[in-house]
Structure formats: structure tokens, C-alpha cells
**Student:** 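Attaching a single structure in C-alpha cells format; questions to follow.
Nothing fancy with the numbering, it's 1 onward along the sequence. When a ligand or atom number is given, it counts from 1 through the structure's own listing order.
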Amino acid sequence: MTRIAVACSEQGAYYRGMAERHGTPLLILDCHKVLSQYQSLQAALPNVALYYAIKSMPHEAILRTLVTAGAGFDVATVGEIELLQPLADSPRSTIHTHPVKRDADIRAALRYGCTTFVVDNVWELEKFAAFRHRVGLLLRIGFRASNAVVDLSRKFGCQFDEAPLLIRRAANLGLHVKGLSFHVGSQCATGEHHASAIRACRELMSDPSIGDGVPLSILDIGGGFPVDYLESVTTIDRFCEPIRRALSELPGNIQIWAEPGRFLSAPAGTAVSRIMGKARRNGVMWYYLDDGLYGSYSGQLFDHMRYPLQVFSDSKQREAAVIAGPTCDSIDVIAEDIELPPLEIGDLVVGHQMGAYTAASATDFNFFERAKIVAVNAGRGRDSDAVYYATA
Ligand SMILES: Cc1ncc(COP(=O)(O)O)c(C=O)c1O
């Protein structure tokens, strides 16, 4: 069920101004918000090095903000490296975390200067034999979190008891496995799954027979840090409490890394769409926006999220309504079984928490153009908002 807020029309002034200035559909990215999310996660996980998962919102303004803040980056493809390369001059603060890589991905990452790669199976290990003097590997272990909205350990991660064998196989190939990684799933309800995965990894890391005497010195605890969509989740400090406790049980010489995506990018994104048409069907008002499930709202399909919506009206009247996207496909419906005040063609509908896994997976099906991305508070003040045009 989608959460809808009706605010008085005066409160929509900022969005109307932005829509007039930049047109719709629009996705506003607030770089201050990225920075404050980064700072609050860093405060909740002191001594953990944060590598932004670029895939969640691969946008230059976010990368620039995080470079300035001192973050590292998690890349998965050649394209992500190409986006990052002109902005960051510290390739050592980059980790390549895709467990299954194309040869071109490995070579591009190495050319950039990234030397840490994640693997989770023997065939992937073999891909690195030719580069063994240039890389250090993290072995990804699968831990399934029943409470995560997006389960990432179905597709990736070796089984826990396979790990010693894979580390031995790496040593036989002359490869250095320098640590372990996991990703318990995205948008987790609690930090308990991270905590139990950390404890399981501690068991492996403290086994002297693992790694032929070369200690595993890095533990990468992945992403999964949640944000508020429909119901409020716990604060990030409370979420990280069990994680901090589990980390405190590790030997002091182990470096801890994390790969947050959603937590840094989601709250920074606000979608501003215009009602381009309306119809009454079986007594229900249908409002058609100029953005939808094939555009910024694609995360409703791919990422299984529902975004808090906001409309602006001074009317006290409410009626049954549907909010749909612009395409000819009937799946392109954003919210049903909702009540709205009467709205007009040209009115705005605003979607909040829309910075992660939204524009990243948008298409231009039907040739409805993707939302224009405007970065605000990017360090140059509102008068110089940076406008970025989506490319196909
Ligand atoms: C390898 C890897 N790291 C980090 C992330 C980011 O996860 P989240 O957005 O839940 O923080 C993902 C998400 O798919 C991922 O696959």
C-alpha cells in the first residue's frame, strides 16, 4: 500500500518552482542529504571504511559529494569505473564487488588502479591467475537474511563450509585472499543478520589453518542499511547496535569495510511529476503522470519498494483514485486503492525517498523520456543547480 500525504498547496511552491524551471518529469538529487546520510552511517559505524555502491544511483553529483567526504567506492562494471575515473584520483579506495566478472571488467578496473576484487567460486578465482601479482581478493560468503526485502545471497556467495577449500585453491593459484565479504540483503529490517554473519566470519578468520598462515585481514560487511519508505524503520544508530557489538568481538587488526548504496542515495532523491491526463473509470479517478513504472518508479518492480507520495491541495474532499504512469502498458500503475483530493491536469505529484534503484533502472519505453536529473546543494548554491540530462 502506498503512503500518500496531502499538503496544502503553499507547501508545493518549491516543487512548482523547480518544475517550471527544469520541466517534468524531474528527479531532484540533494547532495546535502547524501552527505548527512554518509555522516550518520559513519557515526553509527565508527572505524568502518564506507565504499558507496555506485549501482544504487550512478550519478556524478553524488560521486563528487562522496569523494569530497572521503568515501571509497564499490564498482561492478566498466561503466561505473568510467563514471568514477574523472572524479576520483584515489583508485585504491575502490573495490570491485561483482562476484562474476567479464574479462573487460577486470581489465578496466586494473587499468584504473583498483586492486581489490570479490570472488565466490573457483571459476572466478581462475580468471585472476594471470593477474595474481596485481590483485588481492575478498571471498564472498552467502548468508541469507529472511528479513531483507531484497535477498542477495540466493544468486551470489559461496557456502560457508566451501570457504576453506576456495582459499586453499586460491593459494595454489598463487592468489592472495586478503579477507571475506558478505551482503545479507538490501533494506534489512534489523542488523542481527549482519551480526551473525560477522560472528560466523570471525570463526573462519581466527582459524590458523585457513590461508596457509597468511591471515585474513579484511571483513567487508556489504550493504543492506535501510531507509524509511512506507513505515518508519529504526534509526541507523539503533540498526547498527548489534553490528557494532559483533565487530567489537573481532581482533583489532582486522579492517572493516561496508558497501552502502540505498542508505546514502535513497533519501537524496525526490521525483517531481506532472499529471498529464485524468479519467473517471468505474467511479474511480485515474490520474496519469508523466513518469511511471518504466521511468523513475521502476524500483517498484525491480527493487520491490513503494515510495511515499505527496500531492498539494487545499480541498478537504477525498475520493477513490489511482495514480498511473504514462505508457500504454497496463502494468504501469504507481498506486491503487488510494484516496486523493480532486486534482487537475498540470498538478504535481512528488515521490520521496527515490534516489536509490530508481533512475538507475529507468527505461524510455514508448519514447517517454526519462526524468531529467537536477542536483541541488552540489556545492555551488541553488542558483547554479547542476542539470543532468538522462541518456539512453
Ligand atoms: C555487491 C553489492 N554491494 C552493495 C550493494 C548495495 O546494497 P544496499 O543498497 O542494500 O546498501 C549491492 C546491492 O545490490 C550489491 O550487490
Side-chain angles (χ1 to χ4, degrees), residues 33-34 37-38 40-42 44-45 48-59 62-63 66 71-77 79-81 84 93-101 105 109 114 116-121 124 137-145 147-158 179-191 193-194 197 218-229 233-234 236 239-240 243 256-269 298-299 301-305 307 353-361:
K33 195 68 196 169
V34 176
Q37 290 294 104
Y38 176 76
S40 57
L41 185 55
Q42 194 67 95
L45 291 176
V48 176
L50 303 180
Y51 294 81
Y52 172 58
I54 294 178
K55 61 183 77 67
S56 69
M57 174 51 95
H59 197 277
I62 292 192
L63 301 193
L66 290 172
F73 295 91
D74 151 5
V75 297
T77 58
E80 291 181 359
I81 291 167
L84 180 64
S93 317
T94 306
I95 49 178
H96 196 295
T97 63
H98 198 319
V100 179
K101 292 160 282 298
D105 294 313
C114 167
T116 301
F117 292 81
V118 169
V119 294
D120 70 357
N121 68 79
E124 207 63 19
L137 303 178
L138 301 181
L139 180 65
R140 177 159 162 182
I141 301 179
F143 295 101
R144 297 190 80 159
N147 66 0
V149 179
V150 183
D151 176 2
L152 290 169
S153 289
R154 183 172 90 92
K155 190 170 169 186
F156 298 116
C158 71
L180 303 178
S181 80
F182 59 79
H183 194 310
V184 289
S186 201
Q187 185 70 5
C188 290
T190 76
H193 284 279
H194 289 80
I218 297 166
L219 179 60
D220 177 344
I221 64 172
F225 308 98
V227 300
D228 284 352
Y229 287 106
V233 294
T234 174
I236 193 62
F239 180 90
C240 290
I243 302 178
I256 314 297
W257 297 354
E259 306 162 9
R262 182 188 310 281
F263 186 79
L264 303 188
S265 58
S298 57
L301 279 180
F302 296 123
D303 192 39
H304 318 290
M305 298 302 157
Y307 309 105
Q353 305 281 53
M354 286 191 62
Y357 310 111
T358 53
S361 52

**Student:** Is it the side chain (CB and beyond), the backbone, both or neither of K55 that lies under 4.0 Å from ligand 1, heavy atoms counted?
**Tutor:** side chain
**Student:** From atom 6 (C) of ligand 1, work out which of Y51, F182, Y357, F263 has a heavy atom at the shortest distance.
**Tutor:** Y357
**Student:** Indicate yes or no: at least one non-hydrogen side-chain atom of R262 is less than 4.5 angstrom from one of V227.
**Tutor:**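 R262 vs V227: side chains touch.
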**Student:** Could you tell me, atom by atom, which parts of ligand 1 come under 4.0 Å of a heavy atom of R262?
**Tutor:**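 Those of ligand 1 that fall under 4.0 Å from R262 are 8 (P), 9 (O), 11 (O).
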**Student:** Which of the numbered atoms in ligand 1 are below 4.0 angstrom from a heavy atom of S186?
**Tutor:** 8 (P), 9 (O), 10 (O)
**Student:** Can you tell me how far OG of S181 sits from CD1 of I95, rounded to the nearest 0.5 angstrom?
**Tutor:**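 Going from CD1 on I95 over to OG on S181, the span is 8.0 Å.
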**Student:** Under 4.0 Å from a heavy atom of G261: which atoms of ligand 1 are those, numbered in the order shown and with their elements?
**Tutor:** 6 (C), 8 (P), 9 (O), 11 (O)
**Student:** Should E259 be counted as touching ligand 1, given the test is an N or O pair under 3.5 Å?
**Tutor:** yes
**Student:** Checking the N or O distance criterion of under 3.5 Å, is ligand 1 in contact with H183?
**Tutor:**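 N/O-N/O distance below 3.5 Å exists for this pair.
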**Student:** Working to the nearest 0.5 angstrom, can you tell me the gap between Q37 CD and F225 CZ?
**Tutor:** 12.5 Å
**Student:** Please work out which of the three classes, parallel, tilted or perpendicular, describes the rings of H98 and F156, given edges at 30° and 60°.
**Tutor:**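 Perpendicular.
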**Student:** Apply the test salt bridge (charged side-chain N to carboxylate O under 4.0 Å, His left out) to residues K101 and E124: give CA-CA distance (whole Å), side-chain angles for both, the deciding distance (0.1 Å), then the verdict.
**Tutor:** CA-CA 8 Å; K101 292 160 282 298; E124 207 63 19; 3.4 Å; yes
**Student:** Hey, what do you get for OG1 (T116) to CG (D74), rounding to the nearest 0.5 Å?
**Tutor:**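 One finds 11.5 Å between OG1 of T116 and CG of D74.
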**Student:** Pairs of nitrogen or oxygen atoms closer than 3.5 Å, one from A53 and one from ligand 1: do any exist?
**Tutor:**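 No; every N/O pair is 3.5 Å or more apart.
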**Student:** Looking only at distances, can you tell me whether any N or O atom of D74, backbone or side chain, sits closer than 3.5 Å to an N or O atom of ligand 1?
**Tutor:**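 Indeed, backbone or side chain, D74 has an N or O that close.
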**Student:** Taking the ring centre of each residue, are F182 and F143 less than 6.0 Å apart?
**Tutor:** yes
**Student:** Considering only heavy atoms of P260, which atoms of ligand 1 have at least one such atom less than 4.0 Å away?
**Tutor:** 11 (O)
**Student:** Taking a cutoff of less than 4.0 Å between a non-hydrogen atom of the residue and any ligand atom, is S56 in contact with ligand 1?
**Tutor:**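 Heavy atoms of S56 never come under 4.0 Å of ligand 1.
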**Student:** Give a yes/no on ligand 1: does R140 have at least one heavy atom closer than 4.0 angstrom to it?
**Tutor:**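 Yes.
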**Student:** Taking the side chain as everything from C-beta on, heavy atoms only, tell me whether C158 gets closer than 4.5 Å to L139.
**Tutor:**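 When only atoms from C-beta onward are counted, L139 and C158 do touch, with a gap below 4.5 Å.
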